[in-house]
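Reviewing the structure listed below.
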Amino acid sequence: MKLRILFGLALICLVSSVAFAQSIYVDYDHSLDFSQFHTYAWGQQPNPNQIRNPFLAQEAQTQINAQLQSKGLQLVQESQNPDLIVIASGGMKTQVSYNAWGTGGWRWGGGMGTITPEQSVIGTLVVDLYDTKVKQMAWRGTGQGTLNESKSEKNRQLVAKAVSKMFQKYPYPPNNK
């Protein structure tokens, strides 16, 4: 009986840790030669999906700049005809999940159980790079994860980690892995 309870608790811990993992998705135009891109600028057009939290927006921009510059790109003004335009978008939604735990009677019924709702805030960050010459999207990175409502520093770390993971899949310079 104790073994079943311990196994159940271990399974709940495993499932909850997977639920809070950060997911990253990257796609790009595979026909493009990314070595042709040398400059980038931040898009100045109104963005209805801009990141609402100013601190997370600032962190995202700082991290994206660092990643692009580590790839050999130089930040310029949009008026200087950059090779790429960068747009960062974000959103948050509240998600309710339910945790169930119980002990059951074996032969004669009985047992106890509880179901507890848990609210979490899921944050999404989308980074788009547009090729200005052909006026098409060249690269998109998307990150999604659970934000911490009480620790803003933890959220900034999550943004930094998401941006870093995204740009690991940037196609230039080629990874020698």
Side-chain angles (χ1 to χ4, degrees), residues 16-95 97 119-177:
S16 66
S17 69
V18 170
F20 292 113
Q22 195 176 54
S23 65
I24 303 295
Y25 174 77
V26 173
D27 199 6
Y28 59 94
D29 184 342
H30 293 267
S31 67
L32 284 177
D33 176 10
F34 279 75
S35 67
Q36 70 179 338
F37 302 128
H38 304 288
T39 59
Y40 74 96
W42 285 88
Q44 301 301 314
Q45 298 297 320
N47 180 1
N49 297 317
Q50 72 184 9
I51 302 167
R52 302 278 184 242
N53 181 312
F55 299 110
L56 293 182
Q58 183 178 10
E59 182 66 25
Q61 186 171 3
T62 299
Q63 294 299 324
I64 293 165
N65 282 336
Q67 290 295 323
L68 286 171
Q69 290 167 13
S70 76
K71 303 293 183 186
L73 285 99
Q74 179 184 1
L75 176 62
V76 297
Q77 296 299 315
E78 194 171 4
S79 62
Q80 294 175 291
N81 298 320
D83 299 321
L84 294 170
I85 294 291
V86 180
I87 305 287
S89 304
M92 295 182 202
K93 69 177 180 178
T94 301
Q95 179 176 313
S97 59
Q119 279 192 337
S120 55
V121 176
I122 306 298
T124 302
L125 173 64
V126 179
V127 180
D128 292 327
L129 304 179
Y130 291 93
D131 182 343
T132 59
K133 290 176 184 67
V134 295
K135 298 187 182 348
Q136 290 182 352
M137 186 179 298
W139 185 92
R140 170 174 273 183
T142 305
Q144 190 171 56
T146 304
L147 298 176
N148 189 318
E149 294 181 75
S150 61
K151 296 182 181 175
S152 61
E153 181 58 35
K154 179 73 172 165
N155 292 337
R156 285 194 286 276
Q157 291 171 358
L158 289 170
V159 168
K161 184 177 177 183
V163 171
S164 176
K165 283 182 176 181
M166 283 180 207
F167 280 94
Q168 286 176 357
K169 298 178 182 181
Y170 186 81
Y172 187 81
N175 291 334
N176 294 328
K177 292 181 181 178

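All of these numbers come straight from a predicted model, not from anything done at the bench.
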Plane angle bin for F34 and F37 - parallel if under 30°, tilted between 30 and 60°, otherwise perpendicular = perpendicular
Under 3.5 Å donor-acceptor, [X] side chain and [Y] backbone:
X    : Y    : value
Q44  : W42  : yes
Q22  : L158 : yes
Q95  : I122 : no
K71  : F167 : yes
T132 : D83  : yes

For [X] versus [Y], what's the shortest heavy-atom pair and its separation?
X    : Y    : answer
Q67  : S164 : NE2-CA, 4.0 Å
I87  : N47  : CG2-ND2, 3.6 Å
A138 : L32  : CB-CD1, 3.5 Å
V127 : M166 : CG2-SD, 3.9 Å
G90  : I51  : N-CG1, 3.7 Å
Y28  : K169 : CE2-O, 4.2 Å

Can you check whether I24 reaches Q168 side chain to side chain, under 4.5 Å on heavy atoms?
->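 In short, these two side chains do not touch, never coming nearer than 4.5 Å.
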Is there a side-chain contact between E59 and V163, using heavy atoms and a 4.5 Å cut-off?
-> no
Does the side-chain contact (heavy atoms from CB on, under 4.5 Å) test come out yes or no for L129 and L68, once each step is laid out?
-> CA-CA 10 Å; L129 304 179; L68 286 171; 4.2 Å; yes
Using a 6.0 Å cut-off, check whether atom [atom1] of [X] has over 12 heavy atoms from anything other than its own residue.
X    : atom1 : value
K161 : NZ    : no
Q69  : CD    : yes
Q58  : CD    : no
K133 : NZ    : yes

Spatial distance of atom [atom1] ([X]) from atom [atom2] ([Y]) [nearest 0.5 Å]:
X    : Y    : atom1 : atom2 : result
I85  : M137 : CD1   : CE    : 13.0 Å
L147 : R156 : CG    : CZ    : 12.0 Å
D29  : R140 : CG    : CZ    : 13.5 Å
T142 : L125 : OG1   : CG    : 8.0 Å

Strictly by modelled atom types, are [X] and [Y] linked by a side-chain donor-acceptor pair under 3.5 Å?
X    : Y    : value
D128 : S89  : no
Y40  : N65  : yes
T124 : Q144 : yes

May I have the step-by-step check of side-chain contact (heavy atoms from CB on, under 4.5 Å) for D131 and Q36, ending in yes or no?
-> CA-CA 10 Å; D131 182 343; Q36 70 179 338; 4.1 Å; yes
